[in-house]
Amino acid sequence: MSELKAKYITTTLPYVNADPHVGFALELVQADMLARYWRLLGHEVFFSTGTDEHGQKIAQKADSEEKDRQAYVDHYAGEFNRLKDALNLSNDAFIRTTDTHHKKAAQEMWRRCAAKGDIYKKAFKGLYCVGDEMFLRENDLVDGKCPNHPTMEPIEVEEENYFFALSKYQTYLEEYLNNPTSIVPDWQRQWALDFVKGGLEDFSISRQKSRMDWGIPVPGDDEQVMYVWFDALTNYISTLGWPEENGSFKKFWVEGDTLQLGGKDQVRFQSIMWQAMLKSAGVPATDTVFYHGFVTSGGQKMSKSVGNVISPYDMVARYGTDATRYMLLRHVHPFDDSDVTFEKMDEWYTANLVNGLGNLVARVMKMAETHLDGPIEKPAITDFEPEYLTAFNVFNFQAASDVVWKKIGELDEKIAVTEPFKLVKTDKAAAVAIIKELVAGIYIIGRLLFSLMPETNMIIKEAVLQNKKPDNLFKRLEI
RNA sequence: GCCGAUGUAGCUCAGUUGGUUAGAGCGUAGCACUCAUAAAGCUAAGGUCGGAGGAUCGUUCCCUCCCAUCGGCACCA
């Protein structure tokens with residue numbers, strides 16, 4: 001058997017200007033399910049996540065709340081890092097773009113792109129709102145005024161910024177995106193390809209320090225700080241120790257398979273700008289970027305004003321960690337938008353977890369505990385069925401989960417058909433044989449849940465090995 | 001406006017080489033059982049497969065047009 005390739009997987013880094021959102025929780029558990037699955041298959045895995053902490057919006061928010069900026073981002077980094085326990089994540093690294101090492105790496109990225117001749121200075125002209133202390137976008141203007149300050153006249157400001165020569169990489173990016181595995185799902189790849197073919201503009205990668213100083217200093221220019229995107233993108237390799245060329249970077253990025261996850265609004269950044277930066281710096285491209293959809297609630301985008309925001313912490317509080325993972329991985333579409341409400345989640349929870357998985361384990365283990373002399377022989381490890389493997393290969397977390405629930409249904413049916421609880425009164429040996437099969441079936445279900453619901457996996461395994469009915473896996477919801 | 005999708009049972013969705021009675025899960029109704037978290041099992045109701053034309057011996061699945069919904073159309077990240 002050939003050596004399995006090392007696997008690198010990372011989420012995007014959420015921008016820490018708000019509390020963790022269920023959409024990001026989705027990305028995290030998707031990454032975690034893959035990471036655990038690969039480890040189970042025997043791959044060496046490096047799973048990274050973290051926080052993106054520089055830029056205008058964060059500086060502004062911290063200032064407006066009269067908080068020290070570093071203290072402000074420390075707080076939010078903590079809020080995001082708390083998801084590790086809440087969602088039982090197995091990430092190997094949590095990188096913050098304010099980490100010292102990361103700052104150095106971002107500067108090295110800059111130097112390399114500059115050495116390649118891809119960074120140049122150019123005058124940038126834009127409408128600037130003095131009230132917001134930031135440049136306004138054409139689309140944001142309301143009657144030509146800043147939406148937040150309709151009484152103030154935006155002023156035209158010109159400043160010199162550094163630009164990255166993205167346009168140089170059009171041909172390269174077309175080649176890269178022609179590779180069918182560069183982006184999943186494929187229609188996102190088509191979009192990216194069309195976008196690149198339509199022509200690329202260079203983009204600014206710095207801000208004048210006098211106007212915005214919450215960023216990583218541009219090497220060799222005290223007047224400028226990096227634009228947050230240039231800084232943040234570098235995290236995907238700085239987390240592996242880059243620019244140190246050996247060690248983790250070599251093992252996972254150069255010699256391993258690399259996978260990045262992101263929301264569907266990230267295509268331009270992850271698959272276009274970032275890939276051009278990597279090429280410029282002489283670093284191998286990301287093998288695949290997977291883009292998930294958005295989670296809506298009640299048919300609308302979540303927003304504070306609508307009042308339909310779902311916090312992952314609220315989900316965990318109501319259903320528990322494994323059940324929350326279950327909702328996000330089995331009932332949210334891997335890459336299309338999905339609608340989630342507590343009403344729907346209550347149904348899923350009760351039907352599939354309480355009445356389905358939880359009840360099955362309870363009824364089987366009760367019979368086992370009552371009628372077997374001791375634990376069954378530990379079932380041999382069997383290969384996963386093809387549909388389970390295929391589901392993971394195409395990032396179809398729902399299909400992978402469906403395999404488990406199909407088995408749950410089969411076992412429930414088997415109990416109904418063979419009635420071991422009745423048979424035990426007339427033919428104990430036959431009943432015991434059936435119960436043993438059922439327990440083995442539970443064990444297999446537990447194993448299939450390894451990546452989806454790690455805690456449940458452990459409980460089932462323990463229950464089988466000790467021949468003891470566990471406490472109810474999922475508590476019935478209070479009405 | 002342009003580009004791209006989507007429109008299949010109450011809900012969420014499967015359904016590619018076009019071929020007899022269109023599927024699953026959840027929900028609903030009834031039957032029945034009792035090992036289990038009043039759970040599971042069986043049965044049933046429920047669909048002109050968005051609409052209209054066309055090509056075909058024949059299409060939910062191909063072509064055209066229309067309607068509806070959604071998303072994107074670069075420096076907010």
Side-chain angles (χ1 to χ4, degrees), chain A residues 12-18 52-58 60 124 126 132 134-140 161 163-164 166 185 187-188 190-192 194-196 198-207 227-230 232-233 262-269 272-273 293-294 296 299 301 330-333 336-341 343-344 347-348 350-371 396 398-399 401-402 405-406 408-409 411-424 431 434-435 438 469 471-477:
Chain A
T12 44
L13 299 192
Y15 200 60
V16 294
N17 61 349
D52 178 6
E53 308 183 1
H54 287 122
Q56 177 100 39
K57 287 211 167 168
I58 287 169
Q60 225 164 33
F124 167 82
D132 280 331
M134 66 191 293
F135 286 95
L136 300 167
R137 291 188 300 162
E138 204 67 25
N139 289 346
D140 290 341
N161 291 149
F163 277 71
F164 179 81
L166 184 66
W187 55 270
Q188 294 286 15
Q190 291 300 341
W191 179 87
D194 289 348
F195 184 85
V196 171
L200 297 172
E201 291 172 23
D202 297 348
F203 64 99
S204 62
I205 53 173
S206 75
R207 290 292 182 266
Y227 180 46
V228 63
W229 261 103
F230 190 92
L233 286 168
K264 64 180 188 179
D265 57 342
Q266 293 282 322
V267 181
R268 189 179 313 126
F269 301 100
I272 295 177
M273 292 184 187
F294 292 150
T296 59
K301 208 170 164 175
R330 183 161 186 239
H331 291 281
V332 171
H333 193 283
D336 283 337
D337 291 355
S338 299
D339 200 69
V340 164
T341 60
E343 194 181 3
K344 287 181 184 173
E347 274 192 12
W348 300 332
T350 299
N352 304 314
L353 297 179
V354 179
N355 297 347
L357 177 59
N359 182 59
L360 176 67
V361 170
R363 67 196 300 208
V364 169
M365 289 317 299
K366 175 66 178 181
M367 285 189 278
E369 192 179 283
T370 312
H371 302 299
N396 193 337
Q398 293 184 317
S401 312
D402 285 346
W405 265 263
K406 194 175 154 210
I408 291 171
L411 285 193
D412 270 328
E413 192 178 351
K414 183 170 180 168
I415 297 171
V417 172
T418 59
E419 300 188 312
F421 47 87
K422 207 182 270 180
L423 187 62
V424 75
I434 291 169
I435 292 169
L438 292 170
K469 176 182 176 295
D471 289 339
N472 287 339
L473 261 36
F474 304 99
K475 276 170 58 182
R476 199 160 283 283
L477 295 170

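Letters A, B, ... are given to chains in the order of the sequence lines, protein chains preceding strands, and every chain is numbered from 1.
Of the candidate nucleotides rA14(B), rA74(B), rA77(B), rA74(B) has the atom nearest to the side chain of Leu166(A). Candidate nucleotides rG72(B), rA77(B), rU37(B) were compared by shortest atom distance to the side chain of Leu473(A), and rU37(B) ranks first. The listed nucleotides are rU12(B), rC42(B), rA14(B); the one nearest the side chain of Lys344(A) is rU12(B).
Lys475(A) approaches Val354(A) most closely through the heavy-atom pair O-CG2, 3.8 Å. Heavy-atom minimum distance, Thr12(A) versus Gly262(A): CG2-CA, 3.8 Å. Arg363(A) and Asp412(A) make their closest contact through NH1-OD1, 2.6 Å (heavy atoms, listed as atom of the first residue, atom of the second, distance). Listed here is the closest heavy atom pair of Gly293(A) and Lys264(A): CA-CD, 4.3 Å.
Using a 4.0 Å heavy-atom criterion, one finds that Phe124(A) contacts no nucleic acid atom at all. When heavy atoms are screened at a 4.0 angstrom cut-off, Asn161(A) is found touching no nucleic acid atom at all. Note on Tyr227(A): only backbone sugar-phosphate atoms sit closer than 4.0 angstrom, heavy atoms only; bases stay farther off. Among the heavy atoms of the strands, none lies under 4.0 Å from Gly293(A). Heavy atoms of Val228(A) sit under 4.0 angstrom from primed sugar atoms or phosphate atoms, though from no base atom. Phe203(A) comes within 4.0 angstrom of a nucleotide base, judged by non-hydrogen atoms across all strands. Contact annotation for Arg207(A): backbone-only contact, meaning every heavy-atom pair under 4.0 Å involves sugar-phosphate atoms and none involves a base. Nucleic acid contact for Phe269(A): base, since at least one base atom lies under 4.0 Å from a heavy atom of the residue. Residue contacts shown for Asp402(A) are absent, as no nucleic acid heavy atom lies under 4.0 Å away. Counting any heavy atom pair closer than 4.0 Å across all strands shown, Trp187(A) reaches no nucleic acid atom. Nucleic acid contact for Leu200(A): base, since at least one base atom lies under 4.0 Å from a heavy atom of the residue.
Partner assigned to rA44(B) is rU28(B), using Watson-Crick or G-U wobble distances below 3.5 angstrom. Searching all strands for a Watson-Crick or G-U wobble partner of rC13(B) with both distances below 3.5 Å returns rG23(B). The partner of rA5(B) is rU69(B), by the rule that a Watson-Crick or G-U pair needs both atom distances under 3.5 Å. Base pairing of rG53(B) is made with rC63(B), judged by Watson-Crick or G-U wobble geometry with both donor-acceptor distances under 3.5 Å. The base-pairing partner of rG18(B), taking Watson-Crick or G-U wobble contacts with both distances under 3.5 Å, does not exist among the strands shown. Across the strands present, rA74(B) finds no partner; the criterion is a Watson-Crick or G-U wobble pair with both atom distances under 3.5 angstrom.
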Carefully, step by step, assess Phe294(A) and Asp265(A) under the rule side chain to side chain contact (heavy atoms under 4.5 Å, CB included).
CA-CA 9 Å; Phe294(A) 292 150; Asp265(A) 57 342; 3.6 Å; yes

Before giving the answer on side chain to side chain contact (heavy atoms under 4.5 Å, CB included), spell out for Leu200(A) and Phe195(A) the whole-Å C-alpha distance, their side-chain angles and the decisive distance to 0.1 Å.
CA-CA 8 Å; Leu200(A) 297 172; Phe195(A) 184 85; 3.7 Å; yes

Hey, mind stepping through Ile205(A) and Asn161(A) against side chain to side chain contact (heavy atoms under 4.5 Å, CB included) and telling me if it holds?
CA-CA 7 Å; Ile205(A) 53 173; Asn161(A) 291 149; over 6 Å; no

Please evaluate residues Lys344(A) and Asp339(A) with respect to the criterion side chain to side chain contact (heavy atoms under 4.5 Å, CB included), reporting the C-alpha separation (whole Å), side-chain torsions for both, the decisive distance (0.1 Å), and the verdict.
CA-CA 9 Å; Lys344(A) 287 181 184 173; Asp339(A) 200 69; 3.3 Å; yes

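rU48(B) and rA38(B) have their C1' atoms separated by 41 Å, with the value rounded to a whole Å. For the C1' atoms, the distance from rG7(B) to rC66(B) is 14 Å, rounded to whole Å. rA14(B) and rC62(B): their P atoms are spaced 16 Å apart (whole Å). The separation of rG18(B) from rG54(B), taken at their C1' atoms, amounts to 15 Å, rounded to a whole angstrom. Using atom C1' as the reference point in both rG41(B) and rA9(B), the two lie 23 Å apart (nearest Å). With both ends at atom C1', the span from rA68(B) to rU8(B) equals 16 Å, rounded to whole Å. For the P atoms, the distance from rG51(B) to rC61(B) is 10 Å, rounded to whole Å. Nucleotides rA36(B) and rG19(B) have their P atoms positioned 48 Å apart, rounded to a whole Å.
To the nearest angstrom, C1' of rC70(B) lies 14 Å from NE2 of His333(A). The interatomic distance linking Asp339(A) (CG) with rG71(B) (P) rounds to 12 Å, in whole Å. Atom pair Leu357(A):CG and rA39(B):C1' shows a separation of 13 Å (rounding to whole Å applied). The CD atom of Glu413(A) sits 11 Å away from the P atom of rG25(B) (whole-angstrom rounding). Regarding Gln190(A), its CD atom lies at a distance of 9 Å from the P atom of rA5(B), rounded to whole Å. One atom, CD of Glu53(A), and another, P of rA77(B), lie 15 Å apart when rounded to the nearest Å. For the pair Ile408(A) CD1 and rU37(B) P, the interatomic distance rounds to 17 Å; values are reported in whole Å. In this structure, CD of Gln398(A) is placed 13 Å from C1' of rA24(B), rounded to the nearest angstrom.
Within a 6.0 Å sphere centred on NZ of Lys469(A), other residues, nucleotides and ligands contribute more than 12 heavy atoms.
Closest-nucleotide positions on RNA chain B for Asn17(A) and Asp336(A) were compared, and the one nearer the 5' end corresponds to Asp336(A).
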With the criterion being N/O to N/O and under 3.5 Å, what pairs connect the protein with nucleotides 26-36 of chain B, and how long is each?
from	atom 1	to	atom 2	distance (Å)
rC26(B)	O2'	Glu347(A)	OE1	3.2
rC35(B)	O2	Arg363(A)	NE	3.4
rC35(B)	N3	Arg363(A)	NE	3.4
rC35(B)	N3	Arg363(A)	NH2	2.6
rC35(B)	N4	Arg363(A)	NH2	2.9
rA36(B)	O2'	Asn359(A)	OD1	2.9
rA36(B)	N1	Arg363(A)	NH2	3.2
rA36(B)	N3	Asn359(A)	ND2	3.3
rA36(B)	N3	Arg363(A)	NE	3.0

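In terms of phosphate contacts, Arg476(A) brings a side-chain nitrogen or oxygen within less than 4.0 Å of OP1 or OP2 of rA39(B).
Scored by the ring pair (Phe, Tyr, Trp, His ring centres under 6.0 Å) test, Phe135(A) finds Phe124(A), Tyr128(A) as partners (sequence neighbours excluded).
Relative ring orientation between Trp348(A) and His331(A) is described as parallel, the plane-to-plane angle staying below 30° on a 0-90° scale split at 30° and 60°.
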